[in-house]
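Have a look at the structure below, then the notes.
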Protein chains: 2
Amino acid sequence: MNDHAEQSLFFKALSDPNRIMIVDMLSCGELCACTILEAFSLSQPTLSHHMKILCRSGLVIPRRDGKWTHYSLNREKFSELISFINYISTGAGKECIHFDTKCCDANVLSQK
Amino acid sequence: MNDHAEQSLFFKALSDPNRIMIVDMLSCGELCACTILEAFSLSQPTLSHHMKILCRSGLVIPRRDGKWTHYSLNREKFSELISFINYISTGAGKECIHFDTKCCDANVLSQK
DNA sequence: GTATAATATAGACAAGTGCGAATATACTCA
DNA sequence: TGAGTATATTCGCACTTGTCTATATTATAC
């Protein structure tokens, strides 16, 4: 996969302030859905929806326990995410092909 | 600001595969819009739209130079982003208040 | 089994997003 | 000034997203 579709799921998952807060809560340890729900003024189905998106991205892992569902962070995925951000935001280890500069850069140079 | 609205802009900006690719390209250095455009099969207005979202988040900085616009990464913001992800995904330095566990955790414990 | 509790799914709706075509703006050069 | 070039904005469209209400599923307890 080269179009970063998988990684974009990480970012999509964290692109909502409520979901950021949920991750923040989970960083202290595993929590069950009802505990998370209490901290927000969201309906239960809406929270369930948010949890599904977080789980789909792989950043959060669900654990069924009787009639309860407990959620926890997938630390590995967060490491992956940070590595990925480092990769795309620094030239480190890249070929850094000189993109064709015919349109403008060449002109800029020729002006000097 | 406590609702992470600002940080969610970082994630929104990177939640599109095309924008991830653009950041990847910019990691090798400043590029002008026309050079980026050549690398994608997008219309010029659509690219302009993506660049606006990237700039709005603060991750990318535009620089006008005559009729050209050059874009570069804002390394500081990427550091901020990584720090933020570390913050929300680890308990480090947090109070880690024990959330009210009345609904389920208490039951789980009482079952043991 | 039936009632209750925790969570998930379905459906609807407003708001937001990605996209291109058309147009506008801003700059350069003759 | 006027033509040409680089980029931005506007607008319309299909699709996605965040939210709710209503309902279904799954597990527990009597």
Side-chain angles (χ1 to χ4, degrees), chain A residues 3-5 8-9 11-22 30-57 60-71 100-112, chain B residues 3-5 8-9 11-22 30-57 60-71 100-112:
Chain A
D3 64 351
H4 306 310
S8 76
L9 284 186
F11 296 113
K12 272 194 222 295
L14 295 172
S15 67
D16 179 87
N18 284 324
R19 291 197 291 268
I20 292 177
M21 279 298 298
I22 292 169
E30 189 184 61
L31 290 174
C32 99
C34 56
T35 307
I36 302 171
L37 183 58
E38 284 185 341
F40 292 87
S41 53
L42 293 174
S43 71
Q44 177 270 319
T46 298
L47 178 69
S48 184
H49 171 244
H50 284 309
M51 298 317 296
K52 195 171 185 180
I53 291 171
L54 284 168
C55 291
R56 183 190 57 170
S57 75
V60 169
I61 300 170
R63 181 176 65 84
R64 260 270 161 177
D65 173 31
K67 61 183 170 183
W68 297 287
T69 308
H70 296 255
Y71 296 97
D100 207 338
T101 54
K102 69 174 181 226
C103 63
C104 43
D105 305 72
N107 291 338
V108 168
L109 287 172
S110 69
Q111 283 174 351
K112 295 189 177 170
Chain B
D3 64 352
H4 304 311
S8 76
L9 285 186
F11 295 112
K12 272 195 222 298
L14 295 171
S15 67
D16 180 86
N18 283 325
R19 291 196 291 268
I20 291 177
M21 280 297 299
I22 292 170
E30 188 183 63
L31 290 174
C32 98
C34 56
T35 306
I36 301 171
L37 184 58
E38 285 186 340
F40 293 88
S41 52
L42 292 173
S43 70
Q44 179 271 319
T46 297
L47 179 69
S48 184
H49 170 244
H50 284 309
M51 298 317 296
K52 195 172 184 179
I53 291 172
L54 284 168
C55 291
R56 183 191 56 171
S57 75
V60 169
I61 299 170
R63 180 176 66 84
R64 261 269 162 177
D65 174 31
K67 59 184 169 182
W68 298 288
T69 309
H70 296 256
Y71 295 97
D100 208 338
T101 55
K102 69 173 180 226
C103 62
C104 42
D105 304 71
N107 292 338
V108 167
L109 287 173
S110 68
Q111 283 172 350
K112 296 189 179 172

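Here the structure is a predicted model, which is why all the values come from computation and not from measurement. All values below were derived from every heavy atom in this structure, side-chain atoms included, with hydrogens, water molecules and symmetry-related copies excluded. Numbers restart at 1 for each chain; the letters A, B, ... are given by sequence-line order, proteins then strands.
Between the C1' atom of C:dA5 and the CD atom of A:Glu38 lies a distance of 14 Å, rounded to the nearest Å. Between the CD1 atom of A:Ile53 and the P atom of C:dA8 there is a distance of 13 Å, given to the nearest Å. What separates CG of B:Leu47 from C1' of C:dG18 is a distance of 13 Å, to the nearest Å. Going from atom CZ of B:Arg63 over to atom C1' of D:dA6 covers 15 Å, rounded to whole Å. Put simply, CE on B:Met51 is 16 Å from C1' on C:dG18, counting in whole angstrom units. Between A:His49 atom NE2 and C:dA8 atom C1' the separation is 12 Å, expressed in whole Å. A straight line from CG of A:Asp65 to C1' of D:dT28 spans 12 Å, rounded to a whole angstrom. Taking atom CZ on A:Arg64 and atom C1' on C:dA5, their separation rounds to 11 Å, with Å as the unit.
Between D:dG18, C:dA8, C:dG18, one nucleotide has an atom nearer to the side chain of A:Asp16 than all others, and that is D:dG18. Closest to the A:Leu42 side chain, of the nucleotides C:dG20, D:dT19, D:dT7, is D:dT19. The nucleotide whose nearest atom lies closest to any side-chain atom of A:Ser48 is, among C:dA8, D:dT17, D:dT7, C:dA8. Closest contact between the side chain of A:Pro45 and the listed nucleotides D:dA22, C:dT7, D:dA8 involves D:dA22. Comparing atom distances between the A:Ser43 side chain and each of D:dT21, D:dT17, D:dA8 picks out D:dT21 as nearest. Distances from the side chain of B:His50 to the nucleotides D:dT5, C:dC19, D:dA22 place C:dC19 closest. Closest to the B:Lys67 side chain, of the nucleotides D:dG18, D:dA8, D:dT5, is D:dT5. Among the nucleotides D:dT9, D:dG18, C:dC19, the one closest to any side-chain atom of B:Asn18 is C:dC19.
Regarding contacts with the backbone of D:dG18, a side-chain N or O of A:Arg19 is found under 4.0 angstrom from either OP1 or OP2. Dashed line: the shortest gap from a side-chain N or O of A:Thr69 to OP1 or OP2 of C:dA8 is under 4.0 Å. Phosphate proximity of D:dT7 to B:Lys52: absent, as no side-chain N or O sits under 4.0 Å from OP1 or OP2.
Heavy-atom minimum distance, A:Thr69 versus A:Pro62: CG2-CB, 4.2 Å.
Distance CD1/A:Ile36 to CG/A:Asn18: 12.0 Å, rounded to 0.5 Å. With rounding to the nearest 0.5 Å, the separation of CZ in A:Arg64 from SG in A:Cys32 is 11.0 Å. Summarising the geometry, atom CD1 belonging to A:Ile53 is positioned 9.5 Å from atom CD1 belonging to A:Ile22; distances are rounded to the nearest 0.5 Å.
Each of A:Arg56 and A:Gly66 was assigned the nucleotide of DNA chain D with the nearest heavy atom; the assignment lying further toward the 5' end belongs to A:Arg56.
With hydrogens and angles left out, the side chain of A:Gln44 and the base of C:dA6 share no donor-acceptor pair within 3.5 Å. At a cut-off of 3.5 angstrom, the base of C:dG18 holds no donor-acceptor pair with the side chain of B:Thr46.
Remark: the backbone N or O of B:Met21 is not paired with any side-chain donor or acceptor of B:Arg19 at under 3.5 angstrom. Side-chain atoms of B:Ser8 come within 3.5 Å of backbone N or O of B:Ala5 as a donor-acceptor pair.
Nucleic acid contact for B:Phe40: none, since no nucleic acid atom lies under 4.0 Å from a heavy atom of the residue.
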